[in-house]
**Student:** 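Next up is a structure, given as structure tokens.
Whatever order the structure lists them in is the order used to number ligands and atoms, beginning at 1. If you read the sequence from its start, that first residue is 1, and numbering goes on from there.
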Amino acid sequence: MSDVLQQLDAVLESRKNSSDATQSYVASLHSKGLNKILEKVGEEATETILAAKDAQSSGENGDLIGETADLWFHSLVMLSHLGADSQDVVRELGRRFGLSGLEEKAARSK
Ligand SMILES: N=c1c2ncn([C@@H]3O[C@H](COP(=O)(O)OP(=O)(O)OP(=O)(O)O)[C@@H](O)[C@H]3O)c2ncn1[C@@H]1O[C@H](COP(=O)(O)O)[C@@H](O)[C@H]1O
């Protein structure tokens with residue numbers, strides 16, 4: 001999983017220097033700028049929320065998974081545009097997971 005994210009990070013980074021925004025969706029987002037990227041993140045977040053409500057009533061998660069992938073993808077483009085990447089977020093989650101693990105251990109030993 002982390003491998004896929006790292007490979008995607010590398011592709012997103014390479015698109016920042018690509019001059020061919022007509023061939024590459026990511027290059028076109030970078031060339032349109034941060035506001036366009038944030039607009040896409042907002043749209044995908046709304047679509048993910050609607051898909052979650054639909055999933056609750058239908059019991060089917062297919063669309064929800066697709067919309068969440070769109071949200072993650074556009075969030076990664078946002079991070080890349082600003083000089084961060086998926087591994088920065090993975091490290092932060094790991095740090096929090098480590099902290100909560102320590103808290104649980106401390107609570108158990110009381
Ligand atoms: N994972 C994705 C990915 N997920 C979604 N999308 C695109 O994100 C867009 C989703 O936006 P919408 O559903 O709102 O579609 P839309 O209405 O056509 O979009 P807008 O006109 O509103 O911008 C679509 O154009 C999808 O093709 C993606 N485009 C690219 N990737 C990855 O990025 C890599 C580089 O892509 P290129 O830069 O296009 O080569 C690819 O190899 C993929 O791995």
**Student:** Backbone or side chain, does any N or O of Glu47 fall under 3.5 Å from an N or O of ligand 1?
**Tutor:**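 Among all N and O atoms of Glu47, none is under 3.5 Å from an N or O of ligand 1.
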**Student:** When you measure from the side chain of Ser80 to the backbone N and O of Leu76, does any donor-acceptor pair fall under 3.5 Å?
**Tutor:** no
**Student:** What residue and heavy atom of the protein are closest to atom 40 (O) of ligand 1, and at what distance?
**Tutor:** Arg15 NH2, 2.8 Å
**Student:** Which of the atoms in ligand 1, numbered in the order shown and given with their element, are less than 4.0 Å from a heavy-atom of His74?
**Tutor:**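 Result: 8 (O), 10 (C).
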**Student:** So which protein heavy atom does atom 13 (O) of ligand 1 come closest to, and at what separation?
**Tutor:**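 Checking every protein heavy atom, the shortest distance to atom 13 (O) of ligand 1 gives Glu44 OE2, 4.1 Å.
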**Student:** I need the nearest protein heavy-atom contact for atom 14 (O) of ligand 1: residue, atom name and distance, please.
**Tutor:**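 Here the nearest protein heavy atom works out to Lys40 NZ, 2.5 Å.
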**Student:** Check whether any N or O atom of Tyr25, backbone or side chain, sits under 3.5 Å from an N or O atom of ligand 1, and answer yes or no.
**Tutor:** yes
**Student:** Would you mind listing which atoms of ligand 1 come within a distance below 4.0 Å of any non-hydrogen atom of Glu43?
**Tutor:**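 That gives atoms 14 (O) of ligand 1.
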**Student:** Return the residue, atom name and 0.1 Å-rounded distance of the protein heavy atom closest to atom 38 (O) of ligand 1.
**Tutor:**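 Checked against all protein heavy atoms, atom 38 (O) of ligand 1 sits closest to Ser24 OG, 2.5 Å.
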**Student:** Students should be able to answer this: which protein heavy-atom is nearest to atom 31 (N) of ligand 1, and at what distance?
**Tutor:** Phe73 CE1, 3.2 Å
**Student:** Quick one, Arg15 and Val11 - any side-chain contact, counting heavy atoms below 4.5 Å?
**Tutor:**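 Counting from C-beta outward, Arg15 and Val11 do come under 4.5 Å.
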**Student:** Give every residue pair that meets the side chain to side chain donor-acceptor pair (under 3.5 Å) criterion with at least one member in residues 35-49, sequence neighbours excluded.
**Tutor:**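 Passing the test, one end in residues 35-49: Lys36-Glu39, Lys40-Glu43.
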**Student:** Heavy-atom pairs closer than 4.0 Å: do any link ligand 1 to the side chain of Val26, the backbone, both, or neither?
**Tutor:**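 The answer is both, backbone and side chain.
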**Student:** As a check for students: among Val11, Leu76, Val77, Asp70, identify the option with a heavy atom nearest to atom 35 (C) of ligand 1.
**Tutor:**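 It is Val11 that holds the nearest heavy atom.
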**Student:** Can you tell if the side chain of Val26 reaches within under 4.5 Å of the side chain of Lys16, non-hydrogen atoms only?
**Tutor:** no
**Student:** Can you find a heavy atom in the side chain of Asp85 that is under 4.5 Å from one in the side chain of Leu79?
**Tutor:** no
**Student:** Check whether any side-chain heavy atom of Leu38 sits under 4.5 Å from a side-chain heavy atom of Met78, and report yes or no.
**Tutor:**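 Yes, close enough: below the 4.5 Å cut-off.
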**Student:** Is it the case that ligand 1 has an N or O less than 3.5 angstrom from some N or O of Leu8?
**Tutor:**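 Checking ligand 1 against Leu8, no N or O pair falls under 3.5 Å apart.
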**Student:** side-chain contact (heavy atoms from CB on, under 4.5 Å) between Leu82 and Leu34: does it pass, once the steps are laid out?
**Tutor:** CA-CA 8 Å; Leu82 295 169; Leu34 182 62; 4.2 Å; yes
**Student:** Does an N or O anywhere in Lys36 fall below 3.5 Å from an N or O of ligand 1?
**Tutor:**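 By distance alone, the answer is no.
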**Student:** Could any protein non-hydrogen atom be found less than 4.0 Å from atom 9 (C) of ligand 1?
**Tutor:**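 At least one protein heavy atom is under 4.0 Å away.
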**Student:** Yes or no, since that's all I need: does a protein heavy atom fall within a distance strictly under 4.0 Å of atom 23 (O) of ligand 1?
**Tutor:** yes
**Student:** Looking at every heavy atom in both Leu5 and Gln87, which two are closest together, and how far apart are they?
**Tutor:**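 Scanning both residues completely, I find the closest heavy atoms to be CB-NE2, 4.2 Å.
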**Student:** Is it the case that more than 12 heavy atoms not belonging to Asp70 sit under 6.0 Å from its CG atom?
**Tutor:**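 Yes, CG of Asp70 has more than 12 neighbouring heavy atoms, counting only those of other groups under 6.0 Å.
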**Student:** Evaluate the ring planes of Tyr25 and His74, with Trp represented by its six-membered ring, and classify them as parallel (under 30°), tilted (30 to 60°) or perpendicular (over 60°).
**Tutor:** perpendicular
**Student:** Scan the protein's non-hydrogen atoms and note whether one is under 4.0 Å from atom 27 (O) of ligand 1.
**Tutor:** no
